[in-house]
Amino acid sequence: QGQLVESGGGLVQAGDSLRLSCVASGRSFSAYTMGWFRQAPAKEREFVGAISWSSDRIFYADSVKGRFTMSRDNAKNTVYLQMSSLKPEDTAVYYCAAGGRFQFTLRTADFRSWGQGTQVTVSS
């Protein structure tokens, strides 16, 4: 089956930076598009960004473009989300997910494997 485990969340102040990690275990996700999503209280899950299996394509939501950077290390089965210039509206549970195999996808329905999430709280 495989498992995705996020880490790196925490409580920070506005303007701070934070790096989230997502480690895959049990199977390799190196051939899959990996995505980051977030969900704030009482809000629907929001797409944050996606990175192709070879890292040649990366797409960000407008809300985080220029502030967040995705990367991956397939040798370590790990995907990262570097978040800078954090804002209170970035407060949410952040999830990583595995999507299309050897296919770059932005469709939430294509992301079938999900982690349990890590909380990011940004205070003003």
Side-chain angles (χ1 to χ4, degrees):
Q1 278 287 64
Q3 186 178 13
L4 298 172
V5 179
E6 304 92 338
S7 63
L11 172 63
V12 296
Q13 294 188 332
D16 284 351
S17 298
L18 207 57
R19 189 177 82 158
L20 305 184
S21 299
C22 172
V23 180
S25 62
R27 59 173 283 193
S28 173
F29 288 96
S30 60
Y32 290 78
T33 293
M34 296 299 294
W36 283 97
F37 297 78
R38 66 186 182 185
Q39 188 166 20
K43 292 189 176 181
E44 293 192 356
R45 183 174 53 196
E46 176 188 15
F47 170 82
V48 173
I51 183 169
S52 64
W53 69 276
S54 61
S55 302
D56 64 334
R57 298 184 68 179
I58 306 175
F59 185 90
Y60 300 100
D62 287 342
S63 58
V64 305
K65 197 175 298 182
R67 300 188 299 119
F68 289 13
T69 303
M70 289 186 66
S71 61
R72 65 189 298 166
D73 185 338
N74 286 339
K76 296 182 178 179
N77 245 356
T78 303
V79 180
Y80 304 97
L81 181 66
Q82 177 68 48
M83 306 184 293
S84 303
S85 302
L86 283 162
K87 306 175 181 179
E89 51 263 44
D90 294 319
T91 295
V93 177
Y94 284 71
Y95 301 89
C96 71
R101 187 171 185 270
F102 293 122
Q103 176 188 22
F104 187 62
T105 181
L106 302 178
R107 294 177 61 231
T108 302
D110 290 336
F111 290 87
R112 304 292 182 87
S113 298
W114 293 79
Q116 85 291 344
T118 185
Q119 176 71 47
V120 172
T121 303
V122 184
S123 64
S124 57

Return the [atom1] to [atom2] distance between [X] and [Y], rounded to the nearest 0.5 Å.
| X | Y | atom1 | atom2 | value |
| --- | --- | --- | --- | --- |
| Gln82 | Leu18 | CD | CG | 8.0 Å |
| Phe47 | Leu106 | CZ | CG | 5.0 Å |
| Ser124 | Lys87 | OG | NZ | 14.0 Å |
| Arg57 | Thr105 | CZ | OG1 | 10.0 Å |
| Ser55 | Met34 | OG | CE | 11.0 Å |

Within the 4.5 Å heavy-atom criterion, are [X] and [Y] side-chain neighbours or not?
| X | Y | value |
| --- | --- | --- |
| Arg27 | Tyr32 | yes |
| Asp90 | Phe68 | yes |
| Asp56 | Phe104 | no |

Short side-chain to backbone donor-acceptor contact, [X] and [Y], under 3.5 Å:
| X | Y | value |
| --- | --- | --- |
| Thr33 | Gln103 | yes |
| Glu6 | Gln116 | yes |
| Tyr60 | Met70 | yes |
| Arg72 | Ser52 | yes |
| Thr78 | Lys76 | yes |

Lys/Arg-Asp/Glu bridge criterion (N-O < 4.0 Å) met for Lys65, Asp62
yes

What pairs with Ser7 under side chain to side chain contact (heavy atoms under 4.5 Å, CB included), at least two apart in sequence or on another chain?
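Per chain and number, Ser7 pairs via side chain to side chain contact (heavy atoms under 4.5 Å, CB included) with Ser21.
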
Phe102: which other cluster members, linking ILVMFWY side chains closer than 4.5 Å, directly or transitively?
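Trp53, listed by chain and number.
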
Measure centre to centre between the rings of Phe37 and Trp114, then say whether the value is under 6.0 Å.
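Under 6.0 Å, so yes.
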
Please check if [X] and [Y] belong to a single hydrophobic cluster, counting links between Ile, Leu, Val, Met, Phe, Trp and Tyr side chain heavy atoms closer than 4.5 Å.
| X | Y | answer |
| --- | --- | --- |
| Leu20 | Ile58 | yes |
| Val12 | Val93 | no |
| Ile51 | Tyr80 | no |
| Leu86 | Leu81 | yes |

By ring pair (Phe, Tyr, Trp, His ring centres under 6.0 Å) - contacts of Phe59 (at least two apart):
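Checked Phe59 against ring pair (Phe, Tyr, Trp, His ring centres under 6.0 Å); zero matches.
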
I need the full list of side chain to side chain donor-acceptor pair (under 3.5 Å) pairs touching residues 91-100, with sequence neighbours left out, sorted by first then second residue.
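Checked against side chain to side chain donor-acceptor pair (under 3.5 Å) - neighbours excluded - the pairs reaching residues 91-100 are Arg38-Tyr94.
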
If I compare all heavy atoms of Ala24 with all of Phe29, which pair ends up nearest, and what's the gap?
CB-CD1, 3.2 Å

For residues Ala14 and Pro88, report the shortest heavy-atom separation together with the two atoms involved.
CB-CD, 4.1 Å

Residue list, salt bridge (Lys or Arg N to Asp or Glu O under 4.0 Å) with Lys43, at least two apart or on another chain
none

Counting only heavy atoms not in Arg112, do more than 12 sit closer than 6.0 Å to its CZ atom?
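Atom CZ in Arg112 is not packed in, count stays at 12 or less.
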
Qualifying disulfide bond (SG atoms under 2.5 Å apart) pairs, either residue in residues 11-102, two or more places apart:
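For residues 11-102, and leaving out neighbouring residues, the disulfide bond (SG atoms under 2.5 Å apart) pairs sorted by first residue read Cys22-Cys96.
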
Between Glu46 and Ser63, is the side-chain hydrogen bond (donor to acceptor under 3.5 Å, both in side chains) condition met? List the steps.
CA-CA 10 Å; Glu46 176 188 15; Ser63 58; 3.2 Å; yes

